[in-house]
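Proteins get letters first, then strands, A, B, ... in listed order; numbering begins at 1 in each.
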Amino acid sequence: MNGFFDDFCFGLRMLRKSPGFTLVAVLTLALGIGANTAIFSVIHAVLLRALPFHNPRQLVAVNTTEPGRQDDIGVSYPAFLDWRSQNHVFEGLSAFRVDDFTLTGRAEPIHVTGAVVSANTLSLLGVAPMLGRDFNRQEDQPVGTGFPIILSHSFWQDGFASDPNVLGQNLTLSGQLFTVAGVMPPGFEFPVERTPVEFWTTIALDARPLNGSPPMTAQRGVAYLDVIGRLKAQATLAQAQNEMSKIQDALNKQYPGNRPKGIAIVPEIDQVVGETRQGLLILFAAVGLVLLIACANLSNLLLARATARGKEISVRKALGATRWVVVRQLLTESMLLASVGAALGLIFALWAVKWLTRLAPAELPRISEIGLNLEVLIFTAGVAVFTTLLFGLIPALHATGTELASSLNEGARSGTETRGRSRLKDVFVVIETALAVVLLAGAGLLLRSLLGLGRVDPGFAKDHVITFGLDLPDRYRHPQRIEFYRQLLPRIRRLPGVRSASAAFPLPMSAGEVKTSFGVEGRPWKDSELPVTTLHLVDDDYFRAVGIPLLRGREFDARDDAPGATPVVLISQSLAKQIFRDENPVGKRIRPQISTGNEEVPMRLIVGVVGDVKGEGLAAPAIPESYVPYAQLPFAPMSVVVRTAIDPQAMVPALRKEVQSLDKDLPLLHVETLEEYVDDSIADTRFETILLGTFGALALVLTTVGLFGVISYTVVQRTRETGIRLALGAEPRAIAGMIVGNGLLLASVGVGIGLGGAFLLTRLMRSLLYGVSPLDPTTFFSVPVALLAMALLASYIPARRAAKVDPMVALRYE
Amino acid sequence: MIQLRNVERTYKTGAGVTYVLRRITMDLREGEFVTVMGPSGSGKSTLLSIIGMLDDSWAGEYYLLDQAVHKLDRKKRADLNRKYIGFVFQSYHLLDNLTVYENLDVPLSYRNISRAQRASMVAEILDRFQIVGKKDLFPSQLSGGQQQLVGIARAVVGNPKLILADEPTGNLHSSQAKEIMELFKKLNDQGTTIIQVTHSEVNAAYGHRTIQLFDGWITSDPANPPATSPEAVAR
């Protein structure tokens, strides 16, 4: 212990003695460890942390799939009830959906999000309310006057000032009466999403007849619910998959009118994490490479110091120190550096985490849970120990491994380094250059993807358009809904600064979508083979407001809104091509399988063809879309789109005023520009590009500094040689060329190895790339050129110094 | 062959200017073997560096083979160095990471000579110095005497007219020193002009004349009896 304390004190003194070295080493480590800590805190919060439920490993998502689609398309309530009653593998199954609500009857109408869940949900998750009671089974059906509601802890705190007497209070949400039954404990959130919901109510809300239509819970054709289940203790994922597939196959046969569906059971954590896992793991690997580069740099610095301290080490050994004692001394110094670096790195990580949270794409779940907690601190400490061994051990072993006689002799004579040590430094430079190439290649590919996405035409004019949603309560029946927009839109169009205005559901690139199959007149397809389209409900002037070009026929107008008007539809170019090939589709009729009530689904006359829209994001292919006048199908919560001549955000107060002049209880929901929707659709690529780009730049800087350090050091080491060469007739230019050549040779070997590594590793990124191959020639050409240019710069400065060596001084160097 | 007129070399120090060489005036004929002697710090090595054009910061006049060196820029001086001068150092100054063969090739690589011609020149010198068997060895694998033999071979390989030797036997024991001095004598007999700096009277005896330096002044030069000595200045 005494020995260690002595080592500690001596180490401190040695580090204080070389403040320049200590500063560079600590800053390098702080950057490397800090960046790793920050990314790990994201990985921990998003991927590793257990879901906040009882025994979360038993929880699975039961997804419904369709041929050709991987994502969950949702399940109808009747089908969900069949699943629940027929399976033997689940302790419980619960259905849920998230929706927007407007809280009224208090000071100002406010927008809140809530989850409509089956009554067993909280007990299935194993979390009980902190105040009040859980839902009971009977509450899946409407009981009494108000629907039961359980508040989230934060909603209770912020909206009700943590009122302990909140139980039994009545609330009006979107025109419906609710009664507070309980308050959940802090930290509970379900479903786990970027923005947690503020309350839960039961599926009874969907069991009411709506606008004359049968209740949602009674329609087998309306798939709108997500499902979570808790596996029985003995049941496996495979058993559940097997049994649920059998049940669904039977339902497919029993109800041939619906498209056949499949089942995919995935652990709930995977469902929550979704596609973010691969991107995050690649970022984690990338930031790990940055740390390796930092370690290689430090190893080189320590090797250089070991040369300078060769005599000290030899004297210690001559005085009886064992190799282990000297190694321990050197490692203690490394540990000191790593500890200070880790402490500074934590401060850096605190700042970086805030930056990451702001930068993170909307779909990254649990981002609010990111922080420096105990697990992250343990990780940082582990990284500090790991880096100590990584950058400290090899130099320490090397410094203590030479023969005593020769090292004493060597140290006394000149302080020059051994050939092995010099080669080891070259190896480190080659390694860090190779790692930098891999990182830069990855960053380059992502940058090219992002630039490519930036050039993609979304199919509409995204600038100067503001959008907002409206949650019309149930008292607005179909005619009132149509009338509401008929009054609102002209008012908005008259506002100064407005060019055009309309309403639609859903907006392009927004989360909501209505997919429906459709028949084509004269084509006797089986129900199960019908093609699918994404349906939009739009008001007049929509295409002008959003900037979607009309390619054939006409847009909707007043004659389509009149009662008893001919059912009409506009289709997108890709839908026209898919179904009608080279024929003119205008005048033909299709039958989208959707209606507002019990009447027969009508054939719709195609009156025009409009341009394709990248409805599912810039990176996704255009999908076949169709548009129906809202007046003919007024069932969905519409969003208003306003094209402006001025800054669209500046219009928001005037728009709010117009809405509330018609209904004072209507807040504007999801106020966003179309540009923001487009930006959000590439947010994940941008996030990954910015981070990988930052790591790449960091790698480039570290590598350049590393190369500069090694070449500078080599110049000092080779002063005598330079003097001899000058004395033998070398021109300074030849000396500079020799030094630069040495730097470029090291960099070239590193680049060669790095390109090999990048060739193998970038294909793992394929799913993150858009419009660029993992072996993109531009990237694979630019990265080596950039690195060699930096190597040239890093070598040139010391080379100039070498060329100015005075041979007289150099020859006396010994 | 060499004329120095009032050559002076100074160093700026904190207190002012320190003179290393003062009013050096001397003449050397082609084929001479001259020894420069004097105590440590008398300016012997500095004089050699100026003659060898490794040092640019001096004043006075210097003619080499009728060319006014003092009027030439650094590049032209380097050209003269390459063309006419070979160096031999006390510490041999062989390049540790190169073999004997490669060390001999280094000075030739800085001249405009084809690779094939260089190979033949190195082969010839290896043969002349009887070190063919050692051509693939590294300096650390040679004895001191052998290293200096290579050092002299390297100085001679470019057929210089002038060899400058700075204490060439300073690190060798007497028998090795004798061999090296015999070699210098042989080279001189073949026509190469040699200037050596040494502390050894025995080595000095191999030369034709000995110039004595003290505190930067020439105190004795047989070819120039009224040498500018401190005593002379005092008078």
Side-chain angles (χ1 to χ4, degrees), chain A residues 307 310 402-403 405-407 409-426 713-739 741-742 745-746 800 802-814, chain B residues 9 11 20 43 45-58 74-98 102-113 138-140 151 154-158 160 164 166-167 170-171:
Chain A
T307 303
T402 43
E403 285 296 319
S406 69
S407 58
N409 194 17
E410 199 177 88
R413 203 186 82 204
S414 61
T416 53
E417 67 181 350
T418 61
R419 201 179 301 164
R421 198 172 293 166
S422 160
R423 200 166 295 151
L424 196 57
K425 289 218 297 289
D426 291 350
Y713 189 74
T714 306
V715 165
V716 175
Q717 287 296 316
R718 292 173 73 174
T719 302
R720 172 179 156 270
E721 177 191 335
T722 307
I724 296 169
R725 286 181 181 274
L726 286 168
L728 294 177
E731 285 189 40
R733 212 172 46 193
I735 298 292
M738 181 180 77
I739 301 293
N742 182 26
L745 177 69
L746 290 180
R800 269 173 59 96
K804 286 182 182 161
V805 161
D806 182 343
M808 280 181 66
V809 177
L811 292 174
R812 288 198 198 114
Y813 194 66
E814 285 198 321
Chain B
R9 175 69 164 101
Y11 286 106
V20 184
S45 294
T46 305
L47 178 63
L48 218 54
S49 297
I50 289 171
I51 295 172
M53 281 169 259
L54 298 183
D55 189 351
D56 293 326
S57 311
W58 45 270
R74 193 173 186 182
K75 190 173 179 314
K76 291 215 170 87
R77 289 182 187 183
D79 288 342
L80 278 183
N81 164 303
R82 270 197 294 276
K83 203 165 169 187
Y84 298 119
I85 299 173
F87 263 100
V88 177
F89 305 100
Q90 177 182 0
S91 307
Y92 331 130
H93 284 327
L94 299 179
L95 297 179
D96 299 336
N97 296 324
L98 303 185
E102 289 164 336
N103 264 289
L104 295 180
D105 185 53
V106 168
L108 300 179
S109 71
Y110 298 131
R111 290 158 172 79
N112 195 16
I113 303 173
F138 286 94
S140 57
R154 184 179 62 181
V156 170
V157 68
L164 302 173
D166 192 355
E167 303 207 34
N171 288 351

Engineer: Donor-acceptor pair, B:R154 side chain versus B:Y92 backbone, under 3.5 Å?
Structural biologist: yes
Engineer: Of all heavy-atom pairs between B:D96 and A:R720, which one has the smallest distance, and what is that distance?
Structural biologist: OD2-NH1, 3.7 Å
Engineer: Do you know which two heavy atoms are closest between A:T722 and A:A802, and how far apart they sit?
Structural biologist: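 In this case the closest contact between A:T722 and A:A802 is CG2-O, 3.5 Å.
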Engineer: Measuring heavy-atom distances to chain A, does B:K83 have an atom under 4.5 Å in its side chain, in its backbone, in both, or in neither?
Structural biologist: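 Neither part; nothing is under 4.5 Å.
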Engineer: Is atom CZ of A:R800 surrounded by more than 12 heavy atoms (other residues, nucleotides or ligands) closer than 6.0 Å?
Structural biologist: no
Engineer: Counting only non-hydrogen atoms closer than 4.5 Å, does B:L94 touch chain A with its backbone (N, CA, C, O), its side chain (CB onward), both, or neither?
Structural biologist: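 Contact with chain A: backbone only.
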Engineer: What residue, out of B:D56, B:L108, B:D55, has the most heavy-atom pairs lying under 4.5 Å from chain A?
Structural biologist: B:D55
Engineer: Search all heavy atoms of B:A155 against all heavy atoms of B:F87 and return the closest pair with its distance.
Structural biologist: CB-O, 3.2 Å
Engineer: So for B:I50, is it side chain, backbone, both, or neither that comes closer than 4.5 Å to the heavy atoms of chain A?
Structural biologist: neither
Engineer: Below 4.5 Å from any heavy atom of chain B, which atoms of A:R718 appear? Answer side chain, backbone, both or neither.
Structural biologist: neither
